[in-house]
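For reference, the structure is listed below as structure tokens.
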Amino acid sequence: KSTLARAIAGILPPFAGGVVFDGRELGRSARSRSADQLRQLQIVFQHADTALNPAQTVEDILGRPLTFYHGMVRKPRSARIDQLLDMVKLPRSLRLRRPAELSGGQKQRVNFARALAADPKLIVCDEITSALDTVVAAAIIDLLKELQRELDLAYVFISHDLSVVEAICDDIVVMYRGRKIEQITPEAMARPEHPYTQLLLSSVPKLDPTWLDNLRQDPEQVRAYCQR
Ligand SMILES: Nc1ncnc2c1ncn2[C@@H]1O[C@H](COP(=O)(O)OP(=O)(O)OP(=O)(O)O)[C@@H](O)[C@H]1O
Ligand SMILES: [Mg+2]
């Protein structure tokens, strides 16, 4: 999944195939894409920690894309940094902090604000909440939905968390061993066709004390798909 996300973002050239965005084929690597194509497609990584330069302040981190994509400097850039912090609901007082002085949820909000700084059309979100406390993760999902409405954004949202997928996605692609095996809508999640999707969906623990007792999984399916 992360490999696919990197190929979409042009960080890793695909071994085969290509990426079509907004009806146009994108270059295989970021280097071969135009500045505008780079701006329109941003990525937020799985690990909030390693995505942020520990030596830079929040202000530096958010200021860079503003200068790079929009040529902003000094006052307008500073004002935009405040706006971005407001958008991701971080206090402006965090401007001069470095990543080590932030919580996991705050770091992921900074990562998201950095993506927003470009004014993208699409943000690839790779497991952006999987390392967070559930309550913090829920707040980030809420924020994502709000920004999606306000800014007319699209996401490629990669997640293991099927309740989050159901809540945020309009279209769902199920991958198995690096390949797409099924495409469904949240409404159709109750009756998937592919046996792997059936296995995947039935394996999610439910808030039901008898869930495990009533779990009936076909041993043949389990053998076929759970070798890793
Ligand atoms: N640059 C690379 N070159 C070669 N192989 C790679 C590269 N990056 C990842 N891989 C391999 O590709 C496979 C898929 O990795 P990937 O990170 O895409 O998985 P993932 O679906 O995101 O997993 P997770 O759910 O743990 O995040 C792994 O076996 C990994 O070792
Ligand atoms: Mg991954």
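Order of listing sets the numbers, starting from 1, for every ligand and every atom in it.
Linking ILVMFWY side-chain heavy atoms closer than 4.5 Å, directly or via other members, places Leu102 and Val44 in a single hydrophobic cluster.
Distances from atom 8 (N) of ligand 1 to the heavy atoms of Asp126, Ile11, Thr3 put Thr3 nearest.
Under 3.5 Å, the side chains of Asp86 and Gln83 contain no donor-acceptor pair of N or O atoms. Residues Ser159 and Glu127 have side chains that never bring a donor and an acceptor to within less than 3.5 angstrom of each other. A donor-acceptor contact closer than 3.5 angstrom is absent between the side chains of Arg109 and Gln106. In summary, the side chains of Thr129 and Gln108 do not present any donor paired with an acceptor at a separation below 3.5 Å, with no hydrogens or angles considered. Inspection of the Ser78 and Arg95 side chains reveals an N or O donor paired with an N or O acceptor under 3.5 Å.
Close approach to Glu127 involves these atoms of ligand 1, each under 4.0 Å from a residue heavy atom: 25 (O). Close approach of ligand 1 to Gln46 is summarised as follows: ligand atoms under 4.0 Å from at least one heavy atom of the residue are 27 (O). When each atom of ligand 1 is checked for a heavy atom of His160 under 4.0 Å away, the hits are 25 (O). Per-residue contacts place Ser2 under 4.0 angstrom from the following atoms of ligand 1 (heavy atoms of the residue considered): 17 (O), 18 (O), 20 (P), 22 (O), 27 (O).
Ring pair Tyr196/Tyr176 is tilted by interplanar angle, where 30° to 60° counts as tilted.
Taking distance alone, with nitrogen or oxygen atoms compared against 3.5 Å, Lys1 approaches ligand 1 more closely than that limit.
When hydrophobic side chains of Ile, Leu, Val, Met, Phe, Trp and Tyr are connected at separations under 4.5 Å, Phe68 ends up clustered with Leu38, Tyr69.
Only protein N, O or S atoms were scored, and 2 of them lie under 2.8 Å from the Mg ion (ligand 2).
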Working for salt bridge (charged side-chain N to carboxylate O under 4.0 Å, His left out), residues Asp36 and Arg39: CA-CA 5 Å; Asp36 216 39; Arg39 180 186 63 75; 3.1 Å; yes
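Met175 does not count as a contact of ligand 1, since none of its heavy atoms falls under 4.0 Å from the ligand.
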